[in-house]
Amino acid sequence: MLTLIKNGTLVTEEKSQIADLLFENDKIIRIADDISPDRNMKVIDASGLYVLPGGVDVHVHLDLPMFGTVSSDDHYTGTKAAAFGGTTTVIDFVSQDSDDLVKNVRTLKDKAAGKAAVDYSFHANITHLSDAVEKDIPLLVKEGITSIKVFTAYNNRLRLQDGEIFKVMRIARDNGILTMLHAENGDVIEIMVNEAIAAKHLSPEWHAKTRPSWGAVESVMRASAISAMADAPLYIVHMNAGGEVDMLEYAQKHGLQIYGETCPQYLFFTEEDLAKPDGAKWICSPPMRTQIDQDRLWHGLKNGIVQTIATDHCPFFYDGTKPINYEGSPVAIPGKELGKGDFTKIPNGLPGVGDRMPILWTEMVASGKFTASEFVKLTCSNPAKIFGMYPQKGTLQAGSDADLVLWDPKKTLQYGVAVSHQRTDYNLYEGWKLQGFPISVFSRGELIVDQGIWLGKPGRGKFIPRKTFNTDCLG
Ligand code: URP
Ligand code: ZN
Ligand code: ZN
């Protein structure tokens with residue numbers, strides 16, 4: 001089956017050009033100024049539209065058990081929401097539920113396989129180190145997993161000690177695996193949370209007050225130094241503090257191979273949002289910071305210090321006692337209400353996988369602050385390059401998967417929970433006025449969103465085995 005998209009403005013990380021794009025079944029086969037239609041082709045007129053590569057969100061948590069509940073999007077609902085927002089590839093995380101890393105991976109693969117509606121991969125969390133785990137890390141590569149995440153926070157739960165992180169980074173380096181870091185200071189957080197509880201400071205803003213940004217800053221510097229000593233690459237997830245960008249820049253200036261990711265919530269909200277009556281909606285870890293931090297994050301994105309924008313999508317209901325209608329059935333999943341009166345019990349995490357591309361397009365491209373190519377670089381191509389999926393994903397090239405988004409730059413709408421398809425009862429961007437929106441989405445050549453209509457199916461998404469880390473991935 002041949003499909004010709006004519007007269008669209010094709011956007012890659014390098015340029016925007018009016019051109020034609022031909023795809024056959026699941027692959028792009030040709031891009032040229034003028035491709036003549038023939039009668040074997042279905043022709044789509046994309047005049048006035050942008051044609052973007054499907055978005056690549058390398059940081060989502062689907063169906064993740066935590067805080068006595070579970071993140072409210074599973075591998076179907078989360079990937080469906082992703083598609084509506086123009087994202088066609090996501091990377092979720094394998095928890096270290098046992099020390100048999102391969103078993104953990106296969107269990108999650110089985111869980112996702114019948115559900116995912118767009119393509120997906122996994123990172124593996126390393127949250128407990130033993131001789132057996134050290135031996136297992138290289139086996140992840142055969143499973144198609146070439147990135148692992150470590151934590152300097154969540155004492156007695158997910159955190160590794162510095163020496164363990166050093167060991168993990170060396171093993172990762174030797175096997176072409178990229179180490180990712182959750183950067184906060186677990187010891188300081190533990191003390192400050194206990195003090196807040198003792199002083200009965202239990203409202204949501206204390207979540208931010210007990211996780212100071214200096215902890216994130218020193219953790220980025222510490223892990224950068226460890227990566228230098230281990231001679232291993234490093235990727236800092238969910239960067240939120242301006243000082244983290246300073247540390248990242250310092251490390252990069254010293255020749256270290258260190259990449260940074262931020263998320264929309266850190267670009268648009270501050271710790272003051274946690275002080276609102278419904279402040280629990282904004283609780284995630286690390287927390288939001290200040291306007292000064294936002295400005296430095298934007299500066300880092302504009303100047304190539306921070307390479308990607310992902311979401312850390314980990315949604316919960318605001319009030320999980322009240323069902324919402326999801327595909328015709330009532331659904332209620334315990335959420336933020338679990339922590340009413342005690343911020344330490346509020347599930348940490350936010351919705352975002354479907355919001356990312358439309359919100360960022362409006363704020364970056366429609367506003368004139370970033371070019372369409374810069375947008376594609378940060379949301380599609382850099383993530384695919386760093387995580388071993390390029391050029392299959394993240395760009396428009398002959399041979400790439402036909403993951404395509406027809407984007408209408410003139411479409412205006414008021415955004416919010418009624419528009420987004422995330423399976424939760426609220427949206428952080430409620431009432432925001434957007435300019436530019438995805439109207440049709442193809443995943444591997446299959447039209448799965450057409451003018452707001454869902455045509456996708458659970459289980460059609462494929463696991464994408466990823467290539468080992470390439471030190472030259474960003475050229
Ligand atoms: O609050 C968040 N971000 N929950 C997800 C876990 C993590 O550390 O990314
Ligand atoms: Zn994290
Ligand atoms: Zn996360």
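Just follow the structure's listing: the first ligand is 1, and inside any ligand the first atom is 1. Counting begins at 1 with the first residue of the sequence.
Under a 4.0 Å criterion applied to the non-hydrogen atoms of Lys149, ligand 1 contributes the atoms 7 (C), 8 (O), 9 (O). Taking every heavy atom of Asp312 and a limit of under 4.0 angstrom, the matching atoms of ligand 1 come to 2 (C), 3 (N), 5 (C), 9 (O). Close contacts of ligand 1 with Cys284, meaning ligand atoms under 4.0 Å from a residue heavy atom, involve 1 (O).
When the N, O or S atoms of His182 are ranked by distance to the Zn ion (ligand 2), ND1 comes first. Shortest distance from the Zn ion (ligand 2) to His238 is reached at NE2 (N/O/S atoms only).
One side chain, Asn104 or Ser98, offers a donor N or O that lies under 3.5 Å from an acceptor on the other.
Rounding to the nearest 0.5 Å places CD of Glu363 at 6.0 Å from NZ of Lys369. Atom CE of Met239 and atom CG of Leu181 lie 10.0 Å apart (nearest 0.5 Å).
Remark: distances from the non-hydrogen atoms of Phe93 to ligand 1 are all 4.0 Å or more.
The protein heavy atom nearest to atom 1 (O) of ligand 1 is Ser285 N, 2.8 Å. With respect to atom 8 (O) of ligand 1, the closest heavy atom belonging to the protein is His182 ND1, 3.1 Å. With respect to atom 6 (C) of ligand 1, the closest heavy atom belonging to the protein is His61 NE2, 3.7 Å. Here the protein heavy atom with the shortest distance to atom 4 (N) of ligand 1 is Asn348 O, 3.3 Å.
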(message) Could you go through Tyr266 and Trp298, starting from their C-alpha distance and side-chain angles, then the distance that decides it, and tell me whether this counts as ring pair (Phe, Tyr, Trp, His ring centres under 6.0 Å)?
(response) CA-CA 10 Å; Tyr266 302 118; Trp298 280 116; over 10 Å; no
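Not one N or O on the side chain of Glu430 forms a donor-acceptor pair closer than 3.5 Å with the backbone of Tyr426. Judged by distance alone, the side chain of Thr311 and the main-chain N or O of His59 form a donor-acceptor pair under 3.5 Å.
For residue Cys314, no N/O/S atom approaches the Zn ion (ligand 3) to within less than 2.8 Å. Inclusion of His59 in the first shell of the Zn ion (ligand 3) is supported: an N, O or S atom falls under 2.8 Å.
In this structure, Lys336 fails the cation-pi test against Phe316, since its NZ or CZ atom is not both closer than 6.0 Å to the six-membered ring centre and inside 45 degrees of the ring normal.
For Trp361 and Phe437, the gap between ring centers reaches or exceeds 6.0 Å.
Rounding to 10°, one obtains 90° for the angle at the Zn ion (ligand 3) between NE2 (His61) and OD1 (Asp312).
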